Amino acid sequence: MLIDSHAHLEMKEFDSDRREVMERARLAGVDCIITVGTNLGLSRKALSIARQYENVYATVGVHPHDVAKADDQSFDELKALAEDPKVVAYGEIGLDYFRNISPQEKQIAMFARQLELAGELKLPVIIHDRDAHDRTLSMVKSSGIRSGVFHCFSGDWAMARQCIDLGFYISVPGVVTFEKSKVLQEVVKQAPLDSILLETDCPYLTPVPHRGKRNEPAFIIHTAKKVGEIKGMAWEDVAERAAVNTRKLFRMDIAAK
Ligand SMILES: [Zn+2]
Ligand SMILES: [Zn+2]
């Protein structure tokens, strides 16, 4: 009954053993994976993987790191890809002021453009925000979009409260298992269970006890267990509630059983 609401199965890190990774996820009880596009090429690949595996869904979009290379034609094609029934959200999109791989002005312009596109497509959005909390939140607010998730949530409880009040979900990554992640642990403690999703963001952000290795969907169980520990609940109940939230956000109620 586990769902990995944010994975990158399309990344090259999984090219040599994707089938084994999927099998380990199945054995660990992961019955659904959302694989998230980060540029045009990887969005295409995410969708082709989703077409290949019944329990995998895809999203399309251009990550802030990759926006410098996106042109009008890319957005036309992303829009066409988004029409596929296996595409359940637009993203990941947002701002990354930690690494600043693309210039900030470009990131802002492309984030605004993609929020508008997601609105046109009537898709929920997957938001990436690193060290850009205020700007990200204010752009989401003014976009008028009220359906989506702040993935790999890195703000404090005051920010989480604002996201939830806007109608957004907070997605908890394996980072919550790290000893030093006190702010995220507090967010998890305070946030109502009906606003939480679970994610790996694999191949990145490997949870304890696998740190140092490549992350993969099977490891989502460690995040569910940590959230259960923080909330004083059985991890199975956490997993179940987060799965219900994910299906609701991505409108998968009918599509996936
Ligand atoms: Zn991200
Ligand atoms: Zn990601």
Side-chain angles (χ1 to χ4, degrees), residues 3-14 18 21 25 30 32-47 49-50 56-70 78 87-102 104 106-108 110-111 114-115 118 123-133 135-137 139-140 145 148-155 159-160 163 168-176 178 181 184 187 196-207 214-220 223 242 246 249-250:
I3 293 186
D4 185 352
S5 76
H6 188 118
H8 296 290
L9 295 173
E10 67 286 346
M11 286 188 172
K12 62 177 185 321
E13 284 84 346
F14 295 112
R18 195 169 286 109
V21 166
V30 179
C32 181
I33 299 167
I34 318 296
T35 199
V36 175
T38 50
N39 59 41
L40 177 57
L42 288 172
S43 294
R44 276 192 208 120
K45 195 170 164 190
L47 180 54
I49 292 166
V56 175
Y57 292 80
T59 77
V60 300
V62 185
H63 189 284
H65 289 342
D66 289 27
V67 289
K69 285 165 265 163
L78 286 166
V87 172
V88 294
Y90 194 91
E92 55 181 294
I93 56 174
L95 302 173
D96 194 310
Y97 289 0
F98 178 71
R99 294 185 65 195
N100 281 312
I101 289 175
S102 303
Q104 292 190 359
K106 185 80 180 174
Q107 291 189 41
I108 291 169
M110 294 294 106
F111 184 29
Q114 294 191 91
L115 283 167
L123 283 173
V125 289
I126 296 176
I127 304 292
H128 173 103
D129 155 36
R130 192 140 185 226
D131 286 0
H133 300 328
R135 194 69 185 247
T136 304
L137 198 54
M139 287 181 69
V140 168
I145 292 176
V149 55
F150 280 74
H151 111 85
C152 191
F153 190 77
S154 60
M159 179 184 174
C163 297
F168 278 72
Y169 290 87
I170 299 300
S171 183
V172 182
V175 174
V176 75
F178 304 171
S181 296
L184 180 58
V187 168
I196 288 178
L197 308 186
L198 303 176
E199 69 169 87
T200 58
D201 202 17
C202 64
Y204 313 117
L205 304 177
T206 311
R214 177 192 66 180
N215 198 4
E216 61 177 66
F219 298 164
I220 191 90
T223 304
T246 307
L249 171 64
F250 297 132

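Treat the numbers as computed from the prediction; the structure is a model and nothing was measured. Ligands are counted one by one from 1 in listed order, and the atoms in each one are counted from 1 as well.
Distances under 2.8 Å from the Zn ion (ligand 1) pick out the protein N/O/S atoms Glu92 OE1, His128 ND1, His151 NE2.
Screening Asp201, Thr35, Thr38, Asn215 against His8 for a side chain to side chain donor-acceptor pair (under 3.5 Å) leaves a single residue, Asp201.
Shortest non-hydrogen contact noted between Ile196 and Tyr169 is N-CD2, 4.2 Å.
Ring geometry for Phe153 versus Phe150: interplanar angle over 60°, hence perpendicular rather than tilted (30 to 60°). Aromatic ring orientation, His128 versus His151: tilted (interplanar angle from 30° to 60°).
Once rounded to the nearest 0.5 Å, the distance linking OG1 of Thr223 with CG of Leu197 reads 12.5 Å.
Counting heavy atoms of neighbouring residues, nucleotides and ligands inside a 6.0 Å radius, atom CZ of Arg214 exceeds 12 of them.
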